[in-house]
Amino acid sequence: MKLTAVMLGIGIVAAGCGGFVYTTVGGTVTGLGTGNTLVLRNEANYTQTLTADGTFSFNVASNANYAITVLTQPNTVNCAVANGTGRMTGESSVNNIAVSCTPNVQIGGTLSGMSDTGSITLYNNAATTATVTANGSFLFPNYVVNGGAYDITVGVPPAAQYCTVANGKGVASLANPAAALTASVTCIPATPVKFTVNGLTAGLVLTVANTVNGYVDNYTVTAPGNYAFGWSWLNGTPFSISVVTQPTGQTCKITGATGTVIESNPAASANIVVDCAKT
């Protein structure tokens with residue numbers, strides 16, 4: 001049987017034995033605003049990128065199932081899809097899919113006590129980060145969905161300082177967005193824990209850890225030298241150093257693996273020696 005095809009706008013009609021019709025499924029995006037990027041995806045993994053409110057559509061066969069979802073959420077808003085799934089039952093287009101975007105909540109606070117040359121990395125929910133290089137107010141680049149939890153912690157403190165977070169946990173709420181901007185990060189002088197590595201063959205990987213009150217501070221080196229763990233500690237804090245990963249073909253042993261940080265005697269936490277030798 002002869003098969004003919006006719007182009008109809010953005011759809012294609014193919015008639016004849018086993019004929020089929022392509023039409024469209026789509027709808028409207030609202031609340032996206034400006035400066036945001038939303039990526040939608042259909043059941044066949046085709047995508048559409050939108051940067052403003054408006055309409056969208058995907059091609060779909062007249063008898064096929066469809067599923068429109070959000071592939072990539074914008075930062076400052078959160079978008080939800082209504083009427084995004086169904087099955088085409090004819091040649092008419094579907095245009096009732098509604099993508100509604102509502103504002104997210106920004107997270108931040110105030111930093112104080114950091115040295116003028118310092119830098120601190122903060123985590124939110126142990127994932128997104130904010131690097132702060134001066135005292136004063138700070139903001140995370142990633143917003144939190146309304147109703148979502150946030151938990152600000154110190155990821156990497158400034159050198160020779162110990163930092164704590166107050167009022168860093170909560171639930172983001174559009175009813176009170178200011179509450180998510182009240183975290184207080186305070187830094188005070190502290191004593192580093194330092195170690196010396198001898199005998200390590202350059203290029204091999206050695207990982208050691210300092211365990212303090214259940215917190216594990218890992219440090220990886222690939223050459224002999226003098227090093228300091230990322231965290232410094234307050235006077236009287238006990239420390240315990242261990243080898244996490246031995247270098248290939250070598251065994252490293254630690255002298256002075258345990259001790260206590262003494263503010264008036266910083267050498268007490270700087271005389272740790274890691275000696276490596278061929279196995």
ask   = Going through the checks in order, is the side chain to side chain contact (heavy atoms under 4.5 Å, CB included) test met by I107 and I152?
value = CA-CA 9 Å; I107 308 299; I152 299 173; 3.6 Å; yes
ask   = Per the side chain to side chain contact (heavy atoms under 4.5 Å, CB included) rule, which among V94, I97, V25 passes with F58?
value =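 Only one of V94, I97, V25 forms a side chain to side chain contact (heavy atoms under 4.5 Å, CB included) with F58, namely V25.
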query = Between L40, V39, N42, which is the residue that forms a side chain to side chain contact (heavy atoms under 4.5 Å, CB included) with L71?
reply =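 Testing L71 for a side chain to side chain contact (heavy atoms under 4.5 Å, CB included) against L40, V39, N42 leaves exactly one candidate, V39.
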key: side chain to side chain donor-acceptor pair (under 3.5 Å): pairs with one or both residues in residues 151-171, sequence neighbours excluded   =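 Counting only pairs at least two positions apart or across chains, the side chain to side chain donor-acceptor pair (under 3.5 Å) contacts touching residues 151-171 are N167-T182.
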Does a donor on one side chain sit under 3.5 Å from an acceptor on the other, for [X] and [Y]?
X	Y	result
T102	N78	no
S240	T211	no
T110	S137	no
T23	S93	yes

message = Would T279 and T251 count as a side-chain hydrogen bond (donor to acceptor under 3.5 Å, both in side chains) here? Give the steps.
response = CA-CA 6 Å; T279 303; T251 298; 3.2 Å; yes
Can you tell me how far apart [atom1] ([X]) and [atom2] ([Y]) are? Round to the nearest 0.5 Å.
X	Y	atom1	atom2	answer
T245	L206	OG1	CG	8.0 Å
I68	E43	CD1	CD	5.5 Å
L204	Q246	CG	CD	11.0 Å
I254	T196	CD1	OG1	12.0 Å
F138	L122	CZ	CG	5.0 Å
T76	N36	OG1	CG	3.5 Å

Under the 3.5 angstrom rule, does the side chain of [X] hit a backbone N or O of [Y] as a donor-acceptor pair?
X	Y	value
Q73	C79	yes
Q106	A180	no
D217	W231	yes

request  = State which residues pass ring-ring contact (aromatic ring centres under 6.0 Å, His included) with Y227; sequence neighbours excluded, sorted by chain then number.
outcome  =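 With neighbours one apart ignored, the set is F195, Y219.
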Taking the side chain as every heavy atom from C-beta outward, state whether [X] and [Y] have any atom pair closer than 4.5 Å.
X	Y	result
T191	P266	yes
L50	T37	no
Y150	V105	no

message = Run F239 and W233 through ring pair (Phe, Tyr, Trp, His ring centres under 6.0 Å) and show every step you take.
response = CA-CA 9 Å; F239 61 84; W233 299 95; 10.0 Å; no
ask   = Does one hydrophobic cluster hold both V165 and M114, with members joined at side-chain heavy-atom distances below 4.5 Å?
value =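 Shared cluster, yes.
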ask   = V216, I272: one ILVMFWY side-chain cluster at the under-4.5 Å cut-off?
value =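 No, V216 and I272 fall in different hydrophobic clusters.
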inquiry  = For L111 versus A134, what's the shortest heavy-atom pair and its separation?
reply    =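 Scanning both residues, the minimum pair turns out to be CD2-O, 3.6 Å.
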query = What are the two closest non-hydrogen atoms of T133 and S119, and how far apart are they?
reply =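 Closest approach of T133 to S119: CG2-OG, 4.0 Å.
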ask   = How would you list all residue pairs meeting disulfide (SG to SG under 2.5 Å) that involve residues 160-202, not counting sequence neighbours?
value =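 Sorted result for residues 160-202: C163-C187.
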inquiry  = Working note: I188 + L234, criterion side chain to side chain contact (heavy atoms under 4.5 Å, CB included); need CA distance, chi angles, decisive distance, verdict.
reply    = CA-CA 9 Å; I188 59 176; L234 301 180; 3.6 Å; yes
task = Take T220 and V205, measure what side chain to side chain contact (heavy atoms under 4.5 Å, CB included) needs, and give me the verdict at the end.
result = CA-CA 7 Å; T220 297; V205 176; 3.6 Å; yes
